[in-house]
Amino acid sequence: MYGLVDGNNFYVSCHRAFRPDLEGVPVIVLSNRDGNVIARSNEAKALGIKMGQPFFETKELRQQHGIVVFSSNFPLYGDMSSRLMSLLTNFVPDVEVYSIDEAFLQLENFWGLYPTYQGLGQDIRTKIDQWLRIPVGVGIAPTKTLAKVANKLAKKRSELNGVCVLETPQQIEDALANFPVEDLWGVGHQSAARLKRENIRTAAQLRDTNDDWIRQIMTVNGLRLVHELRGMPCKLLEVTPPPKKSIGSEPGFGTVIPDLDTIADALTSHLTRVGMKLRRSDQLAGAVTISLRTSKYRKTPGNGLAAKQYSNSITLNLPHPTSATPELLGYALTGLKAIYKTGYQYQKVGILLTDLVPESYRQKGVFVEGPDERLIKLAGVVDKVNKRFGQDKLRLASQMYNPEWPYQQKYLSPHYTTRWEDILEAM
DNA sequence: TCTGGGGTCCTAGGACCC
DNA sequence: TCTGGGGTCCTAGGACCC
C-alpha cells in the first residue's frame, strides 16, 4: 500500500503556523514579484480567487473581504517542507519527497503499531499538526495513482476528517465511479478534452478502456495511469531523488524593459542564483540556454492593439562542463547578444543550465583545457561569503546593484525559521 | 502599472551511419 | 513492376506536474 500525505494550501499554512490569528480569514500568497496568486486559503478559494490569477485583478475582492496578502517567502516554505518530510520518517522508513508539500509513503512492511490504515492516517494528521502546526491530508491505496485519488477525496469529503483509505475492491470501485477524469494525476487539459469527446467522464470509465487505444492517445504515461487505476503499481517509490537534469530561472521583470544593458543586468543576477544552486547540487553544466520574450498580454499604447511579439532562445554547448559563474556568464551574455533585437518591450529573460554532470567529472576536450579550477574554487568562496554576510554582498561587476529593483515584494512576512532577527518572540 | 516559475518525460522527424 | 534495411542520436515541441 502507498500513502500520500500533502499539506493543505501549503504556503498559506506556513504563514498561519506563525499567525494563528489568520485561522478562518481569507489569505493569499503571491508569486515572486507579487505578480500572481499562487496559493489560496479555503476562504479565498470560496471567494472565487483563481490559481495563477493576476494580483491586480483581485483588488475589489480584497477591499470587500479584507483578504490578507503575503509575498512569497520560499526560504520559509522550504524549511517548513524539510521539517515536514523529516517528521514523516517517524512513521515509516521509506518516504519519497514528491514536491515541496507532498510525500509518498511505502506502507509495505507495516509492523502493526497501528491496527488499521485509518488509525495510521489519523495519527499522522494529529501529530504533524501538533509538531508543526501544518494541516495535512492523507490518502492510502494500493497504487500511487489511487493514493492520489484517496488524498483528493480526503479533502473533498469533510466527514472523512482528512484521511481516506481505499483498500477493498468495493471501496475503490465506489471512489472511481464518481471521480471526474480531469481530476486524475496525469490527466491535463488536453487529455481531459479528448477523453470527454469520447464520452469518458469518470475514472472508472477510463480504467475500463482499451490498452492500445489509450496508449495511442495518451502515450505510455496514459497506459501506466490506467494500469494503476486497476490496482497494478507502475510507479514505484523513489526514496533517493535522482540528480537534477536541468537548473534554470526565468522570472518576469515585473515591468517591461527594452534595452540590452538592463536585460543583461537581470540575466547576471538570475545566473548568480542558478550558479549557486548548481554548485550546491555538486554538478557542472555542459550547456547554457538563454531565452528572451515579450509579454503576450501587452497592448500597444494608443491604439490598444496587441503589441508586436518576439521570443527566441539559443543553446550554447560549452567546450567543457563548469560551475564557475564568471565562466558561465561569458556564454550567457554571448547568447543574449545573439538573440536580442532592438525595438521590443521585453518581459523576461531566462537561463537554463543543462547537460549536467557530477562535480567529479573532469574530462577535458582534445583541443581545449578543462574548466578553470581556480574560478570554480572562487565561486565556492563567494557562496560562503554571501551565505554568511547576505545575498549579493559579493557580486559580479556586470550585475548593477539596485536593491529596489527588480525584486518587488510588498507583503513579505518575517523569515521565522531561517533568519535570527526574525525569530518569534513569546511575551 | 502589474499577467507564475521550476521542473520532468515522451514522441516524431530529421540527419546520419554502414 | 520494381525503388534497401537496420540502426542511433539529436532536437523541438507538447503534455503534464506542483
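Sequence lines set the chain letters: A, B, ... in the order given, protein chains first and strands last, and positions in each chain run from 1. Quick note: numbers below take in every heavy atom, side chains included, and nothing from hydrogens, waters or symmetry partners.
- Residue Lys348(A) is classed as a sugar-phosphate contact, given heavy-atom separations below 4.0 Å to backbone atoms only.
- Checked against a 6.0 Å centroid threshold, the rings of His415(A) and Phe74(A) do not count as neighbours.
- When heavy atoms are screened at a 4.0 angstrom cut-off, Tyr98(A) is found touching the sugar-phosphate backbone but no base atom.
- Nucleic acid contact class of Lys277(A) (heavy atoms, under 4.0 Å, all strands): sugar-phosphate only.
- When heavy atoms are screened at a 4.0 angstrom cut-off, Lys244(A) is found touching the sugar-phosphate backbone but no base atom.
- Mapping heavy-atom proximity under 4.0 Å, the span of DNA chain C touched by chain A runs 5' to 3' from dA15(C) to dC18(C).
- For the C1' atoms, the distance from dG4(C) to dC17(B) is 14 Å, rounded to whole Å.
- Each of Gly35(A) and Val220(A) was matched to the nucleotide of DNA chain B holding its nearest heavy atom; the match closer to the 5' end belongs to Gly35(A).
- Across all strands shown, Glu57(A) has no heavy atoms under 4.0 Å from either base or sugar-phosphate atoms.
- Across all strands, Phe55(A) comes closer than 4.0 Å to no nucleic acid atom at all (heavy-atom distances).
- Of the residues listed (Thr289(A), Asp355(A), Thr354(A)), the one engaging Thr315(A) in a side-chain hydrogen bond (donor to acceptor under 3.5 Å, both in side chains) is Thr289(A), and it is the only one.
- Across all strands, Leu184(A) comes closer than 4.0 Å only to sugar-phosphate atoms, never to a base (heavy-atom distances).
- Nucleic acid contact for Asp34(A): none, since no nucleic acid atom lies under 4.0 Å from a heavy atom of the residue.
- For Tyr411(A) and Phe70(A), the gap between ring centers reaches or exceeds 6.0 Å.
- Considering Asn90(A), Val92(A), Val163(A), Leu105(A) in turn, Leu105(A) is the only one that fulfils the side chain to side chain contact (heavy atoms under 4.5 Å, CB included) rule with Ile124(A).
- Within 4.0 Å (heavy atoms only), Thr315(A) reaches no atom of the nucleic acid at all.
- Within the 4.0 angstrom heavy-atom criterion, no nucleotide atom of any strand lies near Arg194(A).
- Between Phe104(A) and Tyr2(A), the ring center distance fails the sub-6.0 Å criterion.
- Residue contacts for Ile247(A): at a heavy-atom cut-off of 4.0 Å it reaches the sugar-phosphate backbone alone, with no base atom in range.
- Residue Lys148(A) is in sugar-phosphate contact alone, with no base atom involved, counting any heavy-atom pair closer than 4.0 Å across all strands shown.
- The side-chain tip of Arg298(A) does not point at the ring of Tyr344(A) from less than 6.0 angstrom away and within 45° of straight on.
- Contacts of Glu102(A) with the nucleic acid, taken as non-hydrogen atoms under 4.0 Å apart, involve only primed sugar atoms and P, OP1 or OP2.
- Remark: DNA chain B takes part in the stems B:5-18 with C:5-18, each of 3 or more antiparallel Watson-Crick or G-U pairs, criterion distances under 3.5 Å.
- Aromatic ring centres of Tyr346(A) and Tyr340(A) lie closer together than 6.0 Å.
- Each of Ser246(A) and Ser295(A) has a nearest nucleotide on DNA chain B; the 5'-most of these lies closest to Ser295(A).
- Within the 4.5 Å cutoff, no side-chain heavy atoms of Met232(A) are placed close to those of Val226(A).
- The ring of Phe179(A) has its center no closer than 6.0 angstrom to the ring center of Trp185(A).
- Taking 4.5 Å as the limit, every side-chain heavy atom of Glu250(A) sits out of range of all side-chain heavy atoms of Val349(A).
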